[in-house]
Amino acid sequence: MEARIIKVIQNMMNNDSDIDTNVDLKAYGVDSLAKVQLLVDLEDEFGIEFEEDDINQNNFSSVLTIKETISKYISE
Amino acid sequence: MDNRKLNEMLFRMSDIYNEQAIEFDNISGERLFGKIILNRIVNISYKNLKKNGCKKLGEFEKPLKTLYDENVNRAKVCLANIEYVCKLFENAEFPFAFLKGSYLISHLYELGDRTSNDVDILINESNIGLAKKILTDNGFRQGFVENGSFREASRGELIMSKMNFGETIPFFKEVDGRFIAVDINFSVDYKPMKDDSIITKMLSRTIRVPVGDATLVTLGFSDFVIYLCLHLYKEATTTEWVERRKDLNLYKFNDLYILFSEKADKPFYKELSETINEYGVNRECYYALYNATQIYEALKNKPDYEELLQNIKPSDIKYLKEIVSPMEKKIYRYEMDFLDWFSSDDRCANLIYDREYTE
C-alpha cells in the first residue's frame with residue numbers, strides 16, 4: 001500500500017524523488033491546497049470515499065498517516 | 001459628510017435604544033441606503049427613523065418599507081425553518097447546539113429585526129457523519145444555491161472546505177420553492193481542529209428553549225456569547241472576508257450589544273470572564289467586546305462590562321489591527337483606528353504586509 005500511496009503523490013507532484021514515509025508531506029511541496037487533489041487521487045486509486053470525519057490535515061500529513069487512514073477502508 | 005460621520009449615523013440608526021434625532025437627508029440617505037442593507041440593519045434603522053420623527057425619508061420611504069416588510073416575511077420563514085430543523089435533530093444521539101440566528105431570531109429580536117441565511121449547528125467533528133445522515137435522510141444535499149438554483153458540490157469542493165477551512169459545505173433542501181440551508185460547524189476558529197475540547201465543553205452544558213412546537217437546543221449564555229465573539233473575530237480578521245467586504249457587518253456587533261443590554265446580570269459577567277479565561281480565548285473575545293464599545297458607546301457606561309474587558313484583556317493588543325491570510329500564511333496590519341477602518345470604503349487598500357507565520 002505504501003508504494004501505491006507514494007506513486008500517487010509522485011504522479012500528482014510530477015516528481016519521482018524518493019519520499020520518506022515518516023516525513024511530513026510539506027517537505028515535498030504538498031501544501032494544503034495540493035492535499036485536496038491528493039485526496040481525490042487517493043480515492044480514485046483505492047476506489048474508496050473518505051468519510052468527512054477522516055478528512056483532516058493530520059490524517060494526510062505523511063505516507064504513514066495516509067496508510068493508517070486508508071487501512072480503515074481496505075485491508076492490504 | 002465624511003465616511004466616519006456617516007458611519008456614526010449608521011451606528012445610531014442600528015441602535016434599538018437610540019433616543020436621539022437622526023438627520024436623514026437625500027445626500028446622506030443615498031450613501032446610507034447601501035450601508036443599511038449590507039449591514040443587515042434595515043428594520044431597526046427604519047423603526048429608528050420613524051421613532052425619532054424623521055420627516056425626510058421622501059423617496060427612501062417606499063423602498064425601505066418594502067425591505068422592512070420583506071425582512072418580516074423572511075424572519076417568519078426563518079422561524080419555520082428553525083422549527084423544522086429542530087424537529088429533525090430531536091432524536092439525535094450525539095451532542096449538538098443550534099447557534100447564532102436560531103436563538104437570536106426566536107428569542108431576542110423583534111420579528112424582522114434579525115434575519116439569517118441558514119441554520120447553524122455546532123457538533124463535534126467526530127459526529128459529522130451522524131449529522132450528515134440526519135440531513136441527507138431528510139432530503140438535504142450538500143452544495144450551493146447560485147442564481148436561485150441548487151448546484152451539488154464536487155468532491156474536490158467538499159474536501160477543500162473540510163480540509164482547509166474546517167467547514168462542511170452547507171446542506172440545502174428545497175421546500176415550496178424556497179431553500180432551507182443548514183450549516184454544520186465543528187470548529188471554533190474555523191480552522192481544521194486538532195483539539196475540540198472547547199466544543200466538547202460547550203456541548204456538555206447546552207440549554208433547551210421552545211421554538212414553536214419544537215425544542216431548540218442551544219449553548220448556555222456564556223458559551224453563546226463566546227461563540228459569537230469567536231465567529232466575529234474570525235471573519236473580521238481574515239483577508240478572505242475583508243476582500244468580500246463581509247468582515248465587519250454591523251449586525252454581529254448588534255447581537256452582542258443587545259444581548260448584553262437585555263440579558264447580562266452580575267453573575268453572568270463573572271461566569272463569562274471565568275469561561276473566557278478557562279478556554280483561553282481572550283484575544284478573540286476582547287477583540288469583539290472591545291470593538292463593540294467603539295460602535296455602541298452605551299456599553300462603556302456599564303461598569304460590569306468595563307470590568308469584564310479588564311479581566312480578559314490580553315497583555316499585548318497589537319493583534320487588534322492585524323488581518324490574517326491563512327492561505328498565504330501572512331499577517332497584514334492597518335494603522336488607522338478601528339472606526340476609520342470600519343468606515344473605510346476600501347479596507348484592502350489600507351492593509352500593510354507585516355510578517356509570515358507558521359502554524
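All of these numbers come straight from a predicted model, not from anything done at the bench. The sequence lines fix the lettering, A, B, ..., with proteins before strands; numbering per chain opens at 1.
- Separation of atoms CD1 (A/I55) and CD1 (B/I128) is listed at 8.5 Å; rounding is to 0.5 Å.
- In this structure, A/K72 places its NZ atom where more than 12 heavy-atom neighbours from other residues, nucleotides or ligands lie under 6.0 Å away.
- For B/K321, the side-chain contact (heavy atoms from CB on, under 4.5 Å) test picks out B/Y334, with sequence neighbours left out.
- Interface residues of residues 32-50 of chain A toward chain B, defined by a heavy-atom distance below 4.5 Å and sorted by number: A/S32, A/L33, A/K35, A/V36, A/L39, A/V40, A/E43, A/E49, A/F50.
- Remark: B/R244 CZ is packed, more than 12 non-hydrogen atoms of other residues, nucleotides or ligands lying under 6.0 Å away.
- Counting non-hydrogen atoms of neighbouring residues, nucleotides and ligands closer than 6.0 angstrom, the CD atom of A/E51 reaches no more than 12 such neighbours.
- In this structure, CD in B/E125 is found 9.0 Å from CG in A/D54, a value given to the nearest 0.5 Å.
- The neighbour count for B/D137 CG, taken as heavy atoms of other residues, nucleotides or ligands under 6.0 Å away, is above 12.
- For the set B/R155, B/E157, B/M160, the entry with the most heavy-atom pairs within less than 4.5 Å of chain A is B/R155.
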